[in-house]
Amino acid sequence: MSTPPRPLLKVCGATAPEEAAAVAPRADLVGLWYGVENGARDLTGDRLTELADAVRTAGRAEPVLVTFLHDAERIAAAARAARVRWIQLHAYQPPAAVAALRAALPDAVLVKAVHVLDGACVERPFLTAYARAGADLFLVDAATRGGAVGSTGHRVPAEALEALLPVLPRPFILAGGLGEADAPGHAFAAHPGFRGVDIDHAARADAGLLDPARVAVLDRAWTGTPAPAP
């Protein structure tokens, strides 16, 4: 029996090169917002490139372009300029947008967020279409009745996740208000499709910035990576 891959730790929403570089040694993926209209951590194209460079040069992590955009050409242009390989489509982009992005960036890792609202996955009818269009991974997150998606701090109900996992045609990353206390014996961490977690609030210090000490705690809890030797 093959050993499952070590879970990935993604932290999301860096806004400065120093912040991105500080957490890159203990994260696998660092999310950078681009095209998130009115988002508090949205970046310009130039800033996206600057932070992506900071992530790559500072540690083990890869930068992830996280976007609400539907325009595959604009997303692809930004990803090429920033030399970003991972792209997370975090809004309600249709399968056609995924297919267009896959055609534009055949070597990219495409992560399609799907949203659980009122106990059910909004995109459930389109899961197979997303997979056929080129999605490599799904990211399961919670949405709110007010329309908020991404970094809401709301949890995905266990019963909703349990109902969703059998029909996911690709591996998944779990989001939604997770912290280090959720890691030991998490009900779905042993699922064969589980590839890691996406964490925002629990990775931040009181000042609101991604905090390397908090990320180190999350890294030990979720991936089992020990603290570096003194």
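Atom CD of residue Q93 and atom CZ of residue F126 lie 13.5 Å apart, to the nearest 0.5 angstrom. Separating the CG atom in L105 from the CD1 atom in I75 is a distance of 9.0 Å, to the nearest 0.5 Å. Separating the CG atom in D198 from the CG atom in L139 is a distance of 5.0 Å, to the nearest 0.5 Å. Between atom CG of residue L65 and atom CZ of residue R80 there is a gap of 12.0 Å, rounded to the nearest 0.5 Å. Taking CG of L101 as the start and CG of L110 as the end, the distance is 5.0 Å to the nearest 0.5 Å. How far CZ of R155 is from CG of L178: 6.0 Å, rounded to the nearest 0.5 Å.
Ring geometry for H90 against H115 counts as perpendicular: the plane angle is over 60°, on a 0 to 90° scale with 30° as the lower cut.
Looking at every heavy atom in both residues, A108 comes nearest to I87 through CB-CD1, 4.5 Å. When all heavy atoms of L218 and G179 are compared, the pair lying nearest together is CD2-C, 3.8 Å. Scanning all heavy atoms of the two residues, the minimum distance from W222 to E180 falls at NE1-CA, 4.1 Å. Heavy atoms only, all atoms of each residue included: T225 and R6 are closest at OG1-NH1, 4.2 Å. Shortest non-hydrogen contact noted between W33 and G13 is NE1-CA, 3.7 Å. For the residue pair E123 and K112, the shortest heavy atom distance occurs at OE2-NZ, 4.4 Å.
L137 has its side chain within reach of W86: a pair of non-hydrogen atoms, C-beta onward, lies under 4.5 Å apart. A 4.5 Å side-chain heavy-atom check between L168 and V140 finds at least one atom pair inside the cut-off. In this structure, R56 and P63 have side chains that are in contact, with non-hydrogen atoms separated by less than 4.5 Å. Counting heavy atoms from C-beta outward, R124 and V114 have side chains that stay 4.5 Å or more apart. A 4.5 Å side-chain heavy-atom check between V197 and L9 finds at least one atom pair inside the cut-off. Residues V116 and L161 are not in side-chain contact: their nearest non-hydrogen atoms beyond the backbone lie 4.5 Å or more apart. At least one side-chain heavy atom of P7 sits less than 4.5 Å from a side-chain heavy atom of F194. The side-chain heavy atoms of V36 and R41, taken from C-beta on, include no pair separated by under 4.5 Å.
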Item to complete: Could you give me the CA-CA distance, side-chain angles and deciding distance for R204 and D211, then say whether side-chain contact (heavy atoms from CB on, under 4.5 Å) is met?
Response: CA-CA 5 Å; R204 297 184 180 277; D211 176 45; 5.9 Å; no
Practice prompt. Carefully, step by step, assess D28 and R60 under the rule salt bridge (Lys or Arg N to Asp or Glu O under 4.0 Å).
Written response: CA-CA 6 Å; D28 296 291; R60 79 187 193 206; 3.2 Å; yes
Practice prompt. Could you go through the salt bridge (Lys or Arg N to Asp or Glu O under 4.0 Å) check for R102 and D136 one step at a time?
Written response: CA-CA 10 Å; R102 170 57 70 206; D136 295 296; 2.6 Å; yes
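No donor-acceptor pair under 3.5 Å is formed between the side chain of E73 and the backbone N or O of D71. Side-chain atoms of R26 never come within 3.5 Å of backbone atoms of P212 as a donor-acceptor pair (strictly under, hydrogens ignored). Using a distance-only test at 3.5 Å, with no hydrogens or angles considered, no donor-acceptor pair links the side chain of Q88 to the main chain of V111.
No continuous path of ILVMFWY side-chain contacts below 4.5 Å connects L32 to L209, so the two sit in separate hydrophobic clusters. V217 and I199 are members of different hydrophobic clusters when ILVMFWY side chains are connected at heavy-atom separations under 4.5 Å.
The existence of a salt bridge linking R47 and D42 is excluded, since no basic side-chain nitrogen approaches an acidic carboxylate oxygen closer than 4.0 Å.
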Distance-only donor-acceptor pairs under 3.5 Å for side chains of residues 169-177, two or more places apart:
residue, atom, partner, partner atom, Å
R170, NE, A135, O, 3.1
R170, NH2, A131, O, 3.3

